[in-house]
Novice: 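What follows is a structure written as structure tokens; I'll ask about it next.
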Amino acid sequence: MALLITRPSAFLPLLSPDDEVPRYSEIGTTTVEASKNYYPTIFTRDTARGVRKRTRDPVLDSMRSQNVEAVSQFLGQNLPIPYSPSFLMQFVFGKDCFCFCAREGSRASEPALHVDNGIIGVVAGKILRSALDRQVCTGHVMILAVATEWRRFGVGCELLKKLELAFHNVSSPATVASTTAPRLKSIFLHVASTNTEAIQFYEKGGYAFEKSECGYYGRKADGIVMRKYFA
């Protein structure tokens, strides 16, 4: 399973137990024969270093309309609930909505090789504007998913940073026509109260507990709202 922000979900950490975030440059190369086991069942850091072929830094880009089907399929394979293409279209055409995909660098330019176009991670969210105070806005992280074989390599961290930057750009006067752009006050997300590892992951990213929401994930677990404030 991968990280999921919307209900219902169970979170898994993207960091290693010793809090080490391996660098992509640590991933080695090997022979063509060894690369046949491209996605081994038991995926370890040593496996990544010794088995992956032509692996380069993941490429992060925005989801486009022609990629919606592939993103929907990827999320259906890596999350407990599906996201339909029609739902995901809001992140293509919606105002202040964002969806970024991480693609394996070695296959980003070869979509025909894999049904998922080489997608290894997805993050999505939107800006919420207050009807009471137009001077501020809030970011909402709605989806964060990383393929099982790519967890613990910092992909989720990079995706989250990419979305946070997009939120900041919306509130930056330099990127909009108006000089009175709304100030980004905070970014929030939901996480299952029983998923301590995911909570720790977000705490390391600057998110803090705000409140509990009873029954947010149905009978399985309550939800926790975590929020990151900006000065």
Side-chain angles (χ1 to χ4, degrees), residues 1-22 43 71-72 74-84 87-88 90-91 96-102 120-130 132 136-168 184-231:
M1 294 176 64
L3 288 177
L4 171 66
I5 306 304
T6 52
R7 73 181 81 180
S9 73
F11 284 52
L12 290 175
L14 295 179
L15 297 179
S16 56
D18 57 356
D19 297 340
E20 177 190 3
V21 181
F43 191 88
V71 172
S72 177
F74 171 82
L75 294 176
Q77 294 171 347
N78 291 276
L79 297 178
I81 59 175
Y83 285 88
S84 67
F87 174 85
L88 295 173
Q90 66 176 303
F91 299 109
D96 298 336
C97 296
F98 306 94
C99 182
F100 299 104
C101 302
I120 61 174
V122 173
V123 67
K126 63 173 62 176
I127 287 286
L128 304 178
R129 300 178 184 271
S130 172
L132 301 178
V136 298
C137 62
T138 303
H140 181 198
V141 182
M142 300 172 64
I143 301 172
L144 177 56
V146 176
T148 303
E149 63 271 14
W150 274 94
R151 287 187 283 119
R152 300 174 183 261
F153 283 88
V155 177
C157 295
E158 293 302 317
L159 284 168
L160 190 57
K161 289 178 182 178
K162 182 77 171 180
L163 183 61
E164 290 178 348
L165 179 60
F167 289 159
H168 279 289
L184 182 63
K185 183 178 181 180
S186 65
I187 299 175
F188 76 96
L189 51 85
H190 289 86
V191 59
S193 60
T194 55
N195 199 326
T196 57
E197 293 177 332
I199 294 173
Q200 292 173 1
F201 168 78
Y202 287 113
E203 286 177 341
K204 292 170 183 175
Y207 292 83
F209 172 87
E210 182 177 77
K211 64 179 180 179
S212 297
E213 293 190 359
C214 183
Y216 185 84
Y217 293 97
R219 297 181 179 180
K220 294 183 178 180
D222 294 335
I224 289 179
V225 176
M226 300 188 72
R227 192 177 296 268
K228 184 176 184 178
Y229 283 95
F230 301 94

Novice: With the side chain counted from C-beta on, respond yes when Leu163 and Ile187 share a heavy-atom pair under 4.5 Å apart, and no when they do not.
Specialist: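 In short, these two side chains do not touch, never coming nearer than 4.5 Å.
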Novice: If you look at every heavy atom in Ala198 and Val191, which pair is closest and at what distance?
Specialist: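 The pair with the smallest heavy-atom distance is CB-CG2, 3.8 Å.
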Novice: Do side-chain atoms of Gln90 reach the backbone of Phe87 as a donor and acceptor pair under 3.5 angstrom?
Specialist: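 Yes.
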Novice: Taking only residues two or more places apart in sequence or in another chain, which ones pass ring pair (Phe, Tyr, Trp, His ring centres under 6.0 Å) with Tyr229?
Specialist: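 By the ring pair (Phe, Tyr, Trp, His ring centres under 6.0 Å) rule, Tyr229 matches no residue at all.
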Novice: Could you check Thr194 against Tyr217 for side-chain contact (heavy atoms from CB on, under 4.5 Å), going step by step and ending with a plain yes or no?
Specialist: CA-CA 11 Å; Thr194 55; Tyr217 293 97; over 6 Å; no
Novice: Considering residues at least two apart in sequence or located in another chain, which fulfil the salt bridge (Lys or Arg N to Asp or Glu O under 4.0 Å) criterion with Asp96?
Specialist: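 Only Arg129 meet the salt bridge (Lys or Arg N to Asp or Glu O under 4.0 Å) criterion with Asp96.
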Novice: Testing the basics here: between Phe74 and Val122, what is the closest heavy-atom pair and its distance to 0.1 Å?
Specialist: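 Distance-wise, the nearest heavy atoms are CD2-CG2, 3.7 Å.
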Novice: Which distance, rounded to the nearest 0.5 Å, do you find between the CG of Leu88 and the SG of Cys97?
Specialist: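 Leu88 CG to Cys97 SG: 11.5 Å, rounded to 0.5 Å.
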Novice: Minimum heavy-atom separation for Gly139 to Leu184, with atom names?
Specialist: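 Minimum heavy-atom separation between Gly139 and Leu184: N-CD1, 3.7 Å.
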Novice: I need the Phe188 CZ to Met142 CE distance, nearest 0.5 Å.
Specialist: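 Between Phe188 CZ and Met142 CE, I get 9.0 Å after rounding to 0.5 Å.
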Novice: Between Ser130 and Thr138, is there a side-chain heavy-atom distance shorter than 4.5 Å?
Specialist: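 No, side chains not in contact.
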Novice: Who are the salt bridge (Lys or Arg N to Asp or Glu O under 4.0 Å) partners of Glu203, not counting sequence neighbours?
Specialist: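 If we apply the salt bridge (Lys or Arg N to Asp or Glu O under 4.0 Å) test to Glu203, skipping adjacent residues, there are no hits.
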Novice: Heavy-atom count check: over 12 atoms from other residues, nucleotides or ligands less than 6.0 Å from Lys228 NZ?
Specialist: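 Yes.
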Novice: Any idea which heavy atoms bring Ile127 and Cys137 closest together, and the distance?
Specialist: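 Result for this residue pair: CG2-CB, 3.8 Å.
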Novice: Would you call Tyr216 and Ile224 a side-chain contact if the rule is heavy atoms closer than 4.5 Å?
Specialist: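 Side-chain contact under 4.5 Å: no.
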Novice: Looking at CD of Glu158 and NZ of Lys161, how far apart are the two atoms once the value is rounded to the nearest 0.5 Å?
Specialist: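 NZ of Lys161 is found 5.0 Å from CD of Glu158.
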Novice: Could you measure the distance from the CD atom of Gln77 to the OG atom of Ser72? Nearest 0.5 Å is fine.
Specialist: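 Reported to 0.5 Å precision, the distance equals 10.0 Å.
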Novice: So which heavy atom on Leu159 is nearest to which on Ala145, and how close?
Specialist: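 Nearest heavy atoms, Leu159 then Ala145: CD1-O, 4.3 Å.
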Novice: With under 30° as parallel and over 60° as perpendicular, where do the rings of Phe100 and Phe98 fit, or are they tilted in between?
Specialist: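 It falls in the parallel class, under 30°.
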Novice: Below 4.5 Å, heavy atoms only, C-beta onward: do Lys211 and Arg227 meet side chain to side chain?
Specialist: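 Answer no - side chains too far apart.
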Novice: If the plane angle is over 60° it's perpendicular, under 30° parallel, otherwise tilted; pick one for Tyr207 and Tyr202.
Specialist: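 Because their plane-to-plane angle is over 60°, the rings of Tyr207 and Tyr202 count as perpendicular.
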Novice: Where is the tightest heavy-atom contact between Cys214 and Asp222, given as atom of each residue plus distance?
Specialist: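 Of all heavy-atom pairs spanning Cys214 and Asp222, the closest is CA-OD1, 3.5 Å.
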